[in-house]
Every structure is written in C-alpha cells, then in structure tokens.
Amino acid sequence: MDAEKELIIDVKNLTKVYGEKTVVDNIDLQVQKGDIYGFLGPNGSGKTTSIRMVCGLLPITKGEGTCLGYDIGTHSGAIKQQVGYMTQKFTLYPDLTVRENLKIFARLHSLKNIKEAVERTMDNLQIGKARANQKAYELSGGWKQRLALGVATIHDPKLLLLDEPTAGVDPKARREFWDYISGLSSRGITTLVSTHYMDEAERCNKLSYIAYGKLLSSGTQKDIISGCNIKTYNIVGKGVYKLIAELQEHPDVEQISMFGSSAHLSIKKDVDISPIASQYKEFEWQEIDTSLEDAFIYLMSSQKDNFA
Ligand SMILES: Nc1ncnc2c1ncn2[C@@H]1O[C@H](COP(=O)(O)OP(=O)(O)OP(=O)(O)O)[C@@H](O)[C@H]1O
Ligand SMILES: [Mg+2]
C-alpha cells in the first residue's frame, strides 16, 4: 500500500450480529484518500450493513477502527457530518422542486450559506434553471438519482458512501454519474460504492467481494483475478446448455456458466483441460483471460459448499 496516502477508512474485524445470525463477519477494510472503492457481493451479503456501520449509522457488534480519522465506535456523530451517504432506496421530497429539495438538505446540515451551497451543487451536477423548478416526482430515474447525489454532496463531504446508486438507471445516465465520481476522486474525494454491475466494478480502483457476511477477496481487479488461481475457457457450439448441465458437477470444474451465447468454464491453473475438452470435441474451446465476473462467480461458487 502507498504509505504516503491517508487512510480514510481503516477498520478491522467489523462484525454485526442480529440475534443468532452474524450478517457481517470480521471484515477488514482499508480505503485510501481518493479511492473509488467498490463493494460487491450477492443480495444479503452484508454490503449495506457494513456501509452503515462504517459511517456510524448502525452500532457495531464488534470491531474497531476509524473513518475520516474518527473512532467508529465512539465518534459516529462527527463521522456522519463529514460523510455523504446515498442510501439504497434514497428518499426525496416528491412534491418539492429540485431546488427546494436541495435547500432542505442544506438546512439539515446547518450550512451557513444555503443559497451558495444549492447553486454550487446545481452547477456541479449541471442541473439547469428549468430542471431546478421541476417537482421531484416528475423527474426521470436518471434525474432523480442525480438529485439524490446532489443531496448527498451538498455539504461538500470528504467521503461518499453510495449504496447501489445507479440501480435501475439507464446506461447513459450511469456513465455520466461515474464520470462525475471520477472527477470527485481526482479532487481527493473518496468514494465507497456498492454495486451489482460489472462495468461499474471495473471503474473502481479497489474492490472487495463479500458473501454471507465474509470478505472473500479484496484488492485491485488484477489482485482479485490472480488470487483466484484459475484459468478460463470460452466454449462455443450448438447445445452448450447441455454441456453446462453435464459439467456442473465435474470435480475439476471450478465454475461453468452461460456468457452470452457461449459458456465460460474455469479450472484451477495447474489442471489440464484436455481430458474434459476431448469429451466435447464438437465444441470450440478457447482459453481466454479470466474476467472480473468469472472471478466473482468462482469466489461465490467456491463458498457455496461452506454455507449450504
Ligand atoms: N435490522 C435487521 N435485523 C435482522 N437482520 C437484518 C437486519 N438488517 C439486515 N439484516 C440481514 O442482514 C443480511 C445482510 O443484509 P444487507 O442489507 O447488509 O445486505 P446487502 O449486501 O446490502 O444486500 P443487497 O444487495 O440486497 O442490498 C441479510 O440477511 C439481511 O436480511
Ligand atoms: Mg444493500
């Protein structure tokens, strides 16, 4: 890790237990200043719970560390003030205009110059005059999300926590959203973002993959892919579905799944593919680079047996 860079989030053994169920299980997380840090994992894996614990919105069951230099166990109030949090199902005031929504949140943060903060936020997010007077309920999904980002950034936070911010938003609006986050990153603003989209994961400079509350892998894309120690083949041919069904339980097959109209199959790096490929000569086999998605599917399937 770059020793020069400030750690904005530095937590160890982050744990949340509800009743008998451990939903976040000893997660370590280090996020550096300016990082766009992606949090990935299937539904219910503990992403939202972890994000809420890091920013002081949810008490931790166990663990220690700091967020923006403040102790997460004892200084949640100070953390909350400096964090911009866009919740998974963000709420806007539907009957208020865009400008009024921004004003309300500026007031909630007790900002000194509310007008300046609202104008600056609208400028940054290219919210024009006509749009500013539209009611929130009239906005398209993409514009609602842009306004929610405005609300989350109105107090100029150093850290943004974005929980699936682009779910249900069209590709163009998603691209603009990510360009904006990249701009913030180049100005030293740090983002921790949960997502289910692979193209978004690829725009993060660091990633963590969690499943069943456990951290399965973290690092750069390259670290995560090479850490899996697998090689991947693209298989093309008629009846590829049948091949998938037949090879699903093969002891040497780490994972196999559809990718568009072909299949991706991964095996351990030191295993020879020839015995399997020779059984299916009618298909075209080609070794390809293991993608981030292949790596995530592998990580997930390698855990299934432990939790079934
Ligand atoms: N207040 C609560 N009481 C009991 N269980 C909870 C509570 N909040 C969350 N959970 C459980 O904790 C687990 C993790 O939930 P969490 O919302 O953090 O997952 P997630 O990774 O954000 O999922 P998604 O991708 O669907 O948003 C789930 O099994 C969920 O049911
Ligand atoms: Mg969630």
Side-chain angles (χ1 to χ4, degrees), residues 9 11-31 35-65 67 72-73 76 79-80 83-92 141 144-145 148-149 151-152 157 159-169 174 177-178 181 190-204 206-219 221 224 257 292-293 295-308:
I9 298 174
V11 294
K12 274 205 174 66
N13 303 320
L14 198 63
T15 299
K16 186 74 188 175
V17 179
Y18 286 116
E20 305 255 290
K21 202 172 161 203
T22 303
V23 301
V24 174
D25 194 355
N26 280 299
I27 284 185
D28 295 350
L29 185 64
Q30 288 198 321
V31 181
D35 272 350
I36 302 180
Y37 199 110
F39 227 32
L40 281 101
N43 292 129
S45 55
K47 301 180 295 294
T48 299
T49 307
S50 300
I51 289 174
R52 290 171 67 83
M53 286 197 286
V54 165
C55 68
L57 279 169
L58 190 68
I60 56 176
T61 305
K62 203 186 89 187
E64 71 265 322
C67 178
I72 55 163
S76 57
I79 297 171
K80 270 186 262 178
V83 161
Y85 177 36
M86 192 166 152
T87 56
Q88 195 165 356
K89 290 194 175 68
F90 54 80
T91 341
L92 301 164
K144 274 198 185 108
Q145 173 242 25
L149 184 60
V151 162
L159 170 64
L160 273 179
L161 299 172
L162 309 175
D163 200 357
E164 292 186 40
T166 62
V169 167
R174 277 173 50 202
F177 180 90
W178 275 86
I181 300 299
T190 310
T191 298
L192 175 64
V193 54
S194 76
T195 178
H196 288 290
Y197 296 117
M198 280 306 125
D199 58 327
E200 297 192 345
E202 283 164 3
R203 292 195 66 158
C204 297
K206 299 264 184 56
L207 297 159
S208 276
Y209 187 81
I210 63 172
Y212 307 102
K214 285 193 194 308
L215 186 74
L216 301 189
S217 184
S218 62
Q221 281 184 58
I224 288 179
S257 53
L292 197 56
E293 189 163 4
F296 288 150
I297 295 172
Y298 165 70
L299 286 168
M300 187 59 213
S301 57
S302 65
Q303 282 300 304
K304 241 186 235 150
D305 299 342
N306 296 343
F307 292 92

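Computed from a predicted structure; not experimentally measured. For ligands, and for the atoms within them, numbers begin at 1 and follow the listed sequence. Quick note: numbers below take in every heavy atom, side chains included, and nothing from hydrogens, waters or symmetry partners.
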Does any part of the side chain of Y209, heavy atoms only, come nearer than 4.5 Å to the side chain of P42, both counted from C-beta?
yes
Under 4.0 angstrom from atom 6 (C) of ligand 1, is there any protein heavy atom?
yes
From the Mg ion (ligand 2) out to just under 2.8 Å, does an N/O/S atom of T48 turn up?
yes
Which one of N43, T49, V24 has a non-hydrogen atom at the shortest distance from atom 15 (O) of ligand 1?
T49
For atom 27 (O) of ligand 1, the protein heavy atom that lies nearest, with its residue and separation
Q88 NE2, 2.8 Å
Looking at non-hydrogen atoms alone, which of A167, P42, G44 comes nearest to atom 14 (C) of ligand 1?
G44
Considering only protein heavy atoms, which is closest to atom 29 (O) of ligand 1, and at what distance to one decimal place?
K21 NZ, 2.9 Å
Distance in Å, S217 OG paired with L299 CG, rounded so as to fall on 0.5 Å steps:
5.5 Å
Quick check: does Q88 put an N/O/S atom under 2.8 Å from the Mg ion (ligand 2)?
yes
Taking all atoms of both residues into account, what is the closest heavy-atom pair of N13 and D28, and its distance?
N-OD1, 2.8 Å
Quick one: does G46 get an N or O within less than 3.5 Å of an N or O on ligand 1?
yes
Should you measure from each heavy atom of S45, which atoms of ligand 1 turn up under 4.0 Å away?
19 (O), 20 (P), 21 (O)
What protein heavy atom is closest to atom 9 (C) of ligand 1, reported as residue, atom name and distance in Å?
Y18 CE1, 3.9 Å
Interatomic distance, CD@E202 vs CD@Q221, rounded to 0.5 Å, equals 5.5 Å
D163: which of T87, T48, T195 passes side-chain hydrogen bond (donor to acceptor under 3.5 Å, both in side chains)
T48
Side-chain heavy-atom pair I181, I36 within 4.5 angstrom cut-off
yes
Mind checking whether H196 has a heavy atom under 4.0 Å from ligand 1?
yes
Heavy-atom distances under 4.0 Å are what count here, so tell me which part of K16 touches ligand 1: side chain, backbone, both or neither.
neither
If you scan protein heavy atoms around atom 25 (O) of ligand 1, the nearest is K47 NZ, 2.7 Å
Enter the distance from D35:CG to Q30:CD here, rounded to the nearest 0.5 Å.
10.5 Å
Per-atom contacts, ligand 1 versus T48 - under 4.0 Å to a heavy atom:
17 (O), 18 (O), 20 (P), 22 (O), 27 (O)
What are the atoms of ligand 1, with element, lying closer than 4.0 Å to any heavy atom of E164?
24 (P), 25 (O), 27 (O)
So how far is it from N26 CG to K62 NZ, rounded to the nearest 0.5 Å?
4.0 Å
NZ/K16 to NZ/K21 distance, rounded to the nearest 0.5 angstrom?
13.5 Å
By number and element, which atoms of ligand 1 are closer than 4.0 Å to a non-hydrogen atom of V23?
11 (C), 12 (O), 13 (C)
Calculate, to the nearest 0.5 Å, the distance between atoms CH2 and CG belonging to W178 and D199 respectively.
8.5 Å
